[in-house]
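Letters A, B, ... are given to chains in the order of the sequence lines, protein chains preceding strands, and every chain is numbered from 1.
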Amino acid sequence: MKKVYATADAALDGLLHDGMFIAAGGFGLCGIPELLIDALVRSGVKDLTIASNNCGVDGFGLGKLLDTRQIRKMISSYVGENAEFMRQYLSGELELEFNPQGTLAERMRAGGAGIPGFYTKTGVGTVIAEGKEVKTFDGQDYILERGIVADLSIVKAWKADDTGNLVFRKTARNFNPPAAMCGRVCVAEVEEIVPRGSLDPDLIHLPGIYVHRIIQGSHEKRIEQRTTRKKETA
Amino acid sequence: MKKVYATADAALDGLLHDGMFIAAGGFGLCGIPELLIDALVRSGVKDLTIASNNCGVDGFGLGKLLDTRQIRKMISSYVGENAEFMRQYLSGELELEFNPQGTLAERMRAGGAGIPGFYTKTGVGTVIAEGKEVKTFDGQDYILERGIVADLSIVKAWKADDTGNLVFRKTARNFNPPAAMCGRVCVAEVEEIVPRGSLDPDLIHLPGIYVHRIIQGSHEKRIEQRTTRKKETA
Amino acid sequence: MPWDRNQMAARAAEELEDGMYVNLGIGIPTLVANYVGDKDITLQSENGMLGMGPFPFEGEEDPDLINAGKQTITELSRTSYFDSATSFGMIRGGKIAAAILGAMEVSEEGDLANWMIPGKLVKGMGGAMDLVAGVGRVIVVMDHTNKAGESKVLRACTLPLTGKAVVDRIITNLGVLDVVPGGLRIVQLADGVTEEELRAATEATIVA
Amino acid sequence: MPWDRNQMAARAAEELEDGMYVNLGIGIPTLVANYVGDKDITLQSENGMLGMGPFPFEGEEDPDLINAGKQTITELSRTSYFDSATSFGMIRGGKIAAAILGAMEVSEEGDLANWMIPGKLVKGMGGAMDLVAGVGRVIVVMDHTNKAGESKVLRACTLPLTGKAVVDRIITNLGVLDVVPGGLRIVQLADGVTEEELRAATEATIVA
């Protein structure tokens, strides 16, 4: 069972259809599946619903799929970095479903774990609760949120072995594991594919069972807010 | 904020009361908090409700707390290794709540993650569903299971740093992370406490936020079913 | 002549396809691992491991490395470890392609009973209820009749259920049956077993 | 004279105790880190990190290491990384002792509005709703009035809520108020601010 593909385009071949639902890893521009997003642009697949915490920035990350009008709907917690997003949203071209960040992460994890619904305090008494079932546990109100199952997950990891075991690096892990879990099919892009047996089995962040196809490539890894401090001089 | 204690008894000091609810890590005799169980025996605390996948064996692990009649109720998925358990259960001295193994693990994880209830297919149409709410999602029935929050969690890890970051080893990880998550207070016993900074931050299995007290000690690590194969001779 | 345990295991192994992640129960299902041949199968142990290897050589047992039957095992180059919540997340979430399990009784509607005999010792369901509810395909391997010669393939189970309408295929010493609308369909007869013999040993409805 | 941003941050830092795990919001709350002194405080960044360190030295920025404000940061010897589901599990599960957040409006019942102004650009709530619902203690740090001089400490919020009855303590340029049954209780006045000044700038009910 060969999971390693030569290119992002090859890895997505046969998996795409208009109107499909994609879950994407990443937070801001950190840990985003850059190469697979580019391949989605090239594929021309359209009317996409994408669950992703953010929608990239103008001209980078998922923002590229806004420029080409391939996205019909976003499920996100924060979209403040993207002027084109706002333009399409305010003009009614783009649908937007806000999810609190933790609710979105848990919805992905739940969908991947066979949990169709769970209760949370997050959003009780706010617009997020509108239209959702409220249940009282031990005297406190909670709302019912649904698990997400996506047609396809696209994620970015640091390293993989050829069985799809993944390791992430620092805060680039973020939404990638839950996004991978909730996909019927998951394609991962990594910086390095290492030989089987070279990852410590105790230290694998996401077991290969969640990962169906893998590509290796080089990543721009753009920094959104470059903040630094000065070295104190003696 | 000092988390490291000298002994298991010291680490449990002030945390115990009769009738309390304890969540314990371990699967069979693998990855069980041996030293903390011994300290519970010495403490004499009684009428305990314990959520643990198993209840040890006669005279070892949680089985020691059966011998001393300190347990009032077990929440477990499998208790077949323990004659004293059966005797107390059949005579009505001990209460038993069977949970499917995955439901038990998820109930612990949910309790720790602020989720008071979740829906699962596991157990639908069986005795496990009796008295539980059934809800239909997308044409399929699911039952509502509750998150667990314990007064105290006791877990076993391989290594810790002094801030409580934990690393587990092989299948001794099992229920330890979810059990740790669901405790209002969590005490961990480890084989080695290492200096802060010597665990790779990317490779910590359970962040120290879940761990309030730590002890280091030596473990018997008894094997329940010693199965081997012969080396083929050339 | 009906199949023996090893022949049943070998037949069950034919159900497995290259690339599958599979969970094998205790008993005959454990033997299936001996018959997967060249196929690239990854075995899950629900206590928190993918890529379960064979028993260790004598003296190389590791108390931190056991399977769901609490037996000492080994790891492989593909192995990964994870906690129990994650493990059952992948089971419940349908990521395991197939489970091969033993049974006390199976019904024509695919109900499975394999965890409890009322009045006898009750050990618990362990992970069996999660497995039958969650995995992609549930294959039961068992003797067709009990020691008293009574059918274990029933119209309705008499024992408490592990899962309702969860079994896809039944492999017994007499042959292979699929759960289909209206009852069970005979897929294959064991070598030398006649359809009449299989029907006679089956209480459940057999269709077409 | 009312407190300035740094004085407000310094006052907020007094809320933090040794051993606490804390989440700091964007704006004035970020400055609180400068005033924790010797206290053993661990900062969470909700994108998946405990033990957030200061900004990197120039040239040492790592694109794989950012905080929830998408700024480049560094790690410490206590740092651990985890995924977003785990991160918000610890937030929702009450493992974070305190969150210090900015606000547009706070009500006397502890309602908080800090994510949306209808008719203006809507950026999203990010992790704010999860934080206010889950953490042990929610401390708001903000100016007492808006640029037009209108009170931001209200009987009822006019903007869409981030959370209902979630705020424990409000620290403004004029002083410190606690949310108690019936309204707000004055805990402290900023240096040189009179109770009358604070009451005049507050629309909410002040009790006792």
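- Salt-bridge annotation for C:K39 and C:D18: absent, with no side-chain N of the basic residue lying under 4.0 Å from a carboxylate O of the acidic one.
- With a threshold of 4.5 angstrom between heavy atoms, C:I91 does not approach chain A through any atom at all.
- Of the two parts of C:T79, the backbone and the side chain both hold a non-hydrogen atom closer than 4.5 Å to a non-hydrogen atom of chain A.
- For the set C:Q44, C:R92, C:E17, the entry with the most heavy-atom pairs within less than 4.5 Å of chain A is C:R92.
- Checked against A:T49 for a side chain to side chain donor-acceptor pair (under 3.5 Å), the options A:E95, A:R72, A:E97 give a single hit: A:R72.
- Looking at C:A85, both its backbone and its side chain come within 4.5 Å of chain A, counting heavy atoms on both sides.
- Within the 4.5 angstrom heavy-atom criterion, atoms from both the backbone and the side chain of A:D202 approach chain C.
- Residue-environment remark: CG (C:L189) exceeds the threshold of 12 foreign heavy atoms within 6.0 Å.
- A:K46 NZ: 12 or fewer foreign heavy atoms inside a 6.0 Å radius.
- A distance-only check finds no donor-acceptor pair linking the side chain of A:N176 to the backbone of A:V155 [under 3.5 Å].
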